[in-house]
There are 2 protein chains.
Amino acid sequence: MDALETGSSLAPSAAQSRIIAAALDLFAHHGVGGTSLQMIADQIGVTKAAVYHQYKTKDEIVLAAAEAELAGLRTVVDAAERERSRKRAREALVAGIVDLAVRRRRTVGTILSDPVIAGFFADHDAFRDVMYRVRRLLIGDDPRAEAGVRTAMLLAAISGAVIHPFVVDLDDDTLHDELLRLARRFLGLPG
Amino acid sequence: MDALETGSSLAPSAAQSRIIAAALDLFAHHGVGGTSLQMIADQIGVTKAAVYHQYKTKDEIVLAAAEAELAGLRTVVDAAERERSRKRAREALVAGIVDLAVRRRRTVGTILSDPVIAGFFADHDAFRDVMYRVRRLLIGDDPRAEAGVRTAMLLAAISGAVIHPFVVDLDDDTLHDELLRLARRFLGLPG
DNA sequence: GTCTATAGTGCGATAGAC
DNA sequence: GTCTATCGCACTATAGAC
């Protein structure tokens, strides 16, 4: 996983964005390990060599795709941290995460839980930093086990529910509203 | 995915159980697509050909592994359906699922959300049957969107929370108790 | 930025001996 | 039930022309 160390925080070019979009779509359907560079190249309509011209290894593509997903979450966290109170920040964060999850309904759930992506999340500073800020906003320095479990459940519930078979028939707006309402209520449960 | 049609509900032999256990462990760490038959064979300490003597294709191994995981859930659903009231059945089901999720903490989350396994779940009658029974117990014939979203969140929260980074430091017993308490409370929220 | 062509590796799967 | 040996194929990755 040497790709983790390369400077890769630059904005992707148009060609790179096409690769990332195709990769995210394929990762969601076949998993990271089940997606080949040939599949990515075919989806865009170019050859493997053209893909390699943009990213030197498959790992770099995985990293770029994961970073593209992370960028959305970072924007939400940035906005939440600008709120004036802890309470308002928490509510803004949850609302933003619900928004994000519904918008990326077809891809995000499968991608977040892919073991290869999870490995990147565990090792890469940019990922750890965002998760640390989420943790600080939602848990703070509450040492009780309940705080950690409650927050883990909330985040898992949001990102997991959007791809659950029980809600496949719901349109995005209905799903969004119910999800936000129930997430708020879960957040405000008496300790 | 022709393996889905073969009669595969027989109890696995000792050799088959070793393959399934190794496969589940590797699937959790590398994903289904990222796990090769060579890796499975190496983990057990045999050759690929020995693995092929038990299962004719990789798909059959994936199916057998998924069925092994499903068996635990089916046992829980069976017990819940024997309860006398709908309310008691729901509570028994949630308690059983929490039990199961914590016990298989290291493997179950990643495996359930793997796109390849999800494909099996969508196509295979045995999987659909169990999910239908879970749905009937937890949602019944409630047509409101809230019922579906709430249930999807509950199930996603349980299976997702056990592998969440926010709870890695918790021991199984503490995690189990907090998870069950919060899941019960979420289940009993006023509509 | 994309192409053709190719090197080298590991894959899923099979045959046949023990 | 496990082994050795092998087939054909798809994979990641590279070289060099346009």
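In what follows, every heavy atom counts, from backbone to side chain, and hydrogens, waters and symmetry copies are set aside. Residue numbers begin at 1 in each chain, while the letters A, B, ... track the order of the sequences.
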Undergrad: Between B/F186 and A/F186, how do the two ring planes meet: parallel, tilted or perpendicular, split at 30° and 60°?
TA: perpendicular
Undergrad: Report the distance from atom CD1 of B/I44 to atom C1' of D/dC3, rounded to the nearest whole Å.
TA: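 Rounding to the nearest Å, CD1 of B/I44 and C1' of D/dC3 are 15 Å apart.
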Undergrad: Ignoring the backbone of A/S13, work out which of D/dT2, D/dC11, C/dG1 is nearest its side chain.
TA: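 Closest nucleotide to the A/S13 side chain: C/dG1.
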Undergrad: Checking contacts here: which listed nucleotide (D/dC3, C/dC3, D/dC11) is nearest the side-chain heavy atoms of B/V46?
TA: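 The nucleotide sitting nearest to the side chain is D/dC3.
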Undergrad: Counting N and O atoms only, with roles assigned by atom type, does the side chain of B/D114 sit under 3.5 Å from a partner on the main chain of B/V32, one being a donor and the other an acceptor?
TA: yes
Undergrad: Whole-Å distance between C/dT9 C1' and B/Q38 CD?
TA: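 B/Q38 atom CD is separated from C/dT9 atom C1' by 13 Å.
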Undergrad: Looking for any heavy atom pair under 4.0 Å, which part of the strands does A/S36 touch: base, sugar-phosphate only, or nothing?
TA: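 Touches sugar-phosphate only.
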Undergrad: Distance check needed: C/dA13 C1' versus B/Y52 OH, whole Å only.
TA: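 From B/Y52 OH to C/dA13 C1': 5 Å.
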Undergrad: Just the rounded figure in Å: distance from P of D/dA5 to NZ of B/K48.
TA: 14 Å
Undergrad: Taking the side chain of B/H53 as its heavy atoms from C-beta onward, which of D/dG1, C/dG12, D/dA13 lies nearest to it?
TA: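 Minimum distance to the B/H53 side chain belongs to D/dG1.
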Undergrad: Pick the closest DNA chain D nucleotide for A/A49 and for B/A49 by heavy atoms, then say which residue is nearer the 5' end.
TA: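 By nearest-heavy-atom nucleotide position, the 5'-most residue is B/A49.
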Undergrad: Between B/E178 and A/R144, does any NZ, NE, NH1 or NH2 come within less than 4.0 Å of an OD or OE carboxylate oxygen?
TA: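 No, no charged N to carboxylate O under 4.0 Å.
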Undergrad: Report the distance from atom OH of A/Y55 to atom P of D/dT12, rounded to the nearest whole Å.
TA: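 A/Y55 atom OH is separated from D/dT12 atom P by 16 Å.
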Undergrad: If you assign each of A/K56 and B/A50 to its closest nucleotide in DNA chain D, which residue comes earlier from the 5' end?
TA: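 Between the two, 5'-proximity favours B/A50.
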Undergrad: For B/R18 and D/dT2, is the shortest distance between a side-chain N/O and OP1 or OP2 below 4.0 Å?
TA: yes
Undergrad: Rounded to whole angstrom units, what separation is found between the CG atom of B/L26 and the C1' atom of C/dC11?
TA: 16 Å
Undergrad: For A/I40 and D/dA13, what is the distance between atoms CD1 and C1' respectively, to the nearest whole Å?
TA: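 After rounding, the gap between these two atoms is 14 Å.
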Undergrad: Atom CG of A/L37 to atom C1' of D/dT14: distance rounded to whole Å?
TA: 13 Å
Undergrad: Taking only the side-chain heavy atoms of B/Q54 (C-beta and beyond), determine which of C/dA13, D/dT12, D/dG1 contains the nearest atom.
TA: D/dG1
Undergrad: Taking only the side-chain nitrogens and oxygens of A/T47, find out if one of them lies under 4.0 Å from OP1 or OP2 of C/dT2.
TA: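 Indeed not, no polar side-chain atom of A/T47 lies that close.
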Undergrad: Search all heavy atoms of A/R105 against all heavy atoms of A/V168 and return the closest pair with its distance.
TA: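 Taking every non-hydrogen atom into account, NH2-O, 3.8 Å.
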Undergrad: Mind listing the closest non-hydrogen atom pair of A/F166 and B/G148 along with its distance?
TA: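 The pair with the smallest heavy-atom distance is CB-O, 4.1 Å.
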